[in-house]
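Report on one structure; see the data block that follows.
As a basis for the values below, the full set of heavy atoms in this structure was taken, side chains included, without hydrogen atoms, waters or symmetry mates. Letters A, B, ... mirror the listed sequences (proteins, then strands); counts begin at 1.
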There are 2 protein chains.
Amino acid sequence: MASASSTTRERLSRETLAAGALALADREGLEAVTIRRLATDKSVTPMALYWHFKDKDAVLDGIAEQIFDSVVLPEPSTGDWDEQLREVLDAVLAAIRPHPLAADLLAPRVMKSVAGLVLAERVIGMLRRAGFSPQQASQTASFLLCSIVTLVTSEPGKQTNLTAEDQENLDRGKRAQLASLDPKLFPSLLESAEFFLYCDDEDTYFARGMDFLVDGTRGVRPS
Amino acid sequence: MASASSTTRERLSRETLAAGALALADREGLEAVTIRRLATDKSVTPMALYWHFKDKDAVLDGIAEQIFDSVVLPEPSTGDWDEQLREVLDAVLAAIRPHPLAADLLAPRVMKSVAGLVLAERVIGMLRRAGFSPQQASQTASFLLCSIVTLVTSEPGKQTNLTAEDQENLDRGKRAQLASLDPKLFPSLLESAEFFLYCDDEDTYFARGMDFLVDGTRGVRPS
DNA sequence: ACCTGAACACCGTTCAAGT
DNA sequence: ACCTGAACACCGTTCAAGT
């Protein structure tokens, strides 16, 4: 009977659809996230999604929301303001790192999920207590989130979702293009050529990024 | 006769098409930049564009190239490395600021135009002389460019291209959403609410952003 | 060299209708 | 409440053909 069929489709829900969308983005990139693709993946008609989401942008909101939900904010510590900032930024980075292909959705959507709001409140509050004005605090907080996204999305070698051989071909092409440059005109570029293609130590890459952000924040801190 | 007609179409060229594409992006955003739209704007068939550009991505490359071309790099000065860095970053910012709706194209395309390569060489060279390793120099340079783009694209109130009234409606909605938050839970967010919607002084906003970037770079500088 | 015409395989979305 | 069918207005792109 129908109930025994292994292909019976379970009911759709906002949550399972959003989870499917995030998984798809992680595997194939944001361009692959389309209403029609999502529908066929769930063996359903495209229009079925419109019951659960207002439009495609709401689906993307759902992806972002899941990532914000995965941020585990540390307990407020007793350290200096810059140590506390570092701990929170580390938590955000940890949540975003698994999703380099979806991270671009986050910055414009902080205010559209409660987890995003909680995160923003946390960072802005910390900056306020560190002496920032409301305006500076909100601007700095938003810049910090954007920067973490930038670190994740522009890590050398991580911006793509190709097969190993396609990746190799693309790398070979870039290497050739760089190698064809005049060494008199582009000495530093040629010297660093390899490091545009891959990142040999991700952890120190991100650690340095975090150092940069905390130092930068210290630099613009009033008085 | 036809030669006297004011509507005679002049010959297409890669340059005029790319200029039209940039102007369109500036006016209506990147989503408006489509092969078909560009074609009808130039009173031509969509397929005509494929003579001048390999595909749509090449059109976007053309937009990015124009912005990179508009960067006027300062003469190498005799100041400290951080002063020189600041001067170059200011030049990049000045070139990107007029194009908030197209700026997202830049970061992945630095290596695809000569102006981009020249810019990258300049920054990486400066960082090398300041003591950065080739790897750190290239990573920092790429992060700096991304950050300038971030400053421009995420300036409060500038992420959109709506009519004045649509903008007001949207702002009213956001204000209402923020105002509905629990003041016990989101005190700092409510305090800064206005500053998510507009930026009262763009110049100091950008100046502080540049301070942040130079201080951050100082912070991660070796030894 | 430069452009057109017709066609294909995709999109998001609306609206009425089914259960 | 939840999903389908048919239709519309868009995309990018290929391929053969015109001048």
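- As a whole-Å value, the separation of A:Leu49 CG from C:dC11 C1' is 13 Å.
- Of the nucleotides present, D:dT4 is the one that pairs with C:dA16 by Watson-Crick or G-U wobble criteria, both distances under 3.5 Å.
- Contact annotation: B:His52 reaches the phosphate of C:dC3 (side-chain N/O to OP1 or OP2, under 4.0 Å).
- If you measure from atom CD of B:Glu31 to atom P of D:dG12, you get 12 Å, rounded to the nearest angstrom.
- Nucleotide D:dC11 has no partner under the Watson-Crick or G-U criteria, as no pair reaches both atom distances under 3.5 Å.
- Ring orientation note: the planes of B:Phe143 and A:Phe212 are nearly perpendicular, at an angle over 60° on the 30°/60° scale.
- Atom P of nucleotide C:dA1 and atom CZ of B:Phe53 are separated by 18 Å, given to the nearest angstrom.
- In this structure, B:Arg37 places its CZ atom 12 Å from P of D:dG12, rounding to the nearest Å.
- In this structure, A:Arg14 places its CZ atom 13 Å from P of D:dC2, rounding to the nearest Å.
- Between A:Arg36 and the phosphate of C:dC10, there is no side-chain N or O to OP1/OP2 separation shorter than 4.0 Å.
- Salt-bridge check for A:Glu65 with A:Arg109: failed, with every basic side-chain N at 4.0 Å or more from each acidic carboxylate O.
- Side-chain atoms of A:Ala48 lie closest to D:dC3 of the nucleotides D:dC3, C:dT4, C:dT13.
- In this structure, A:Asp57 pairs ionically with A:Lys112, as a charged nitrogen and a carboxylate oxygen lie closer than 4.0 Å.
- Following rounding to the nearest Å, B:Leu17 (CG) and C:dC2 (C1') show an atom-to-atom distance of 12 Å.
- Side-chain contact, B:Ser13 with B:Thr16: a donor N or O sits under 3.5 Å from an acceptor N or O.
- The shortest distance between the side-chain N/O atoms of B:Thr34 and the OP1/OP2 oxygens of D:dG12 is below 4.0 Å.
- Spacing between atom CD1 of B:Ile35 and atom C1' of C:dT4 amounts to 16 Å, rounded to whole angstrom units.
- In terms of position along DNA chain C, the nucleotide closest to A:Ala32 lies nearer the 5' end than the nucleotide closest to the other residue of the pair A:Ala32 and A:Met47.
- Regarding A:Asp55, its CG atom lies at a distance of 14 Å from the P atom of C:dC15, rounded to whole Å.
- Along DNA chain C, the nucleotide nearest to B:Ser43 and the one nearest to A:Tyr50 differ in position, and the one closer to the 5' end is contacted by B:Ser43.
- Closest contact between the side chain of B:Trp51 and the listed nucleotides C:dG5, D:dC2, C:dC2 involves C:dC2.
- A salt bridge links A:Asp203 with A:Arg97; the closest basic N to acidic carboxylate O contact falls under 4.0 Å.
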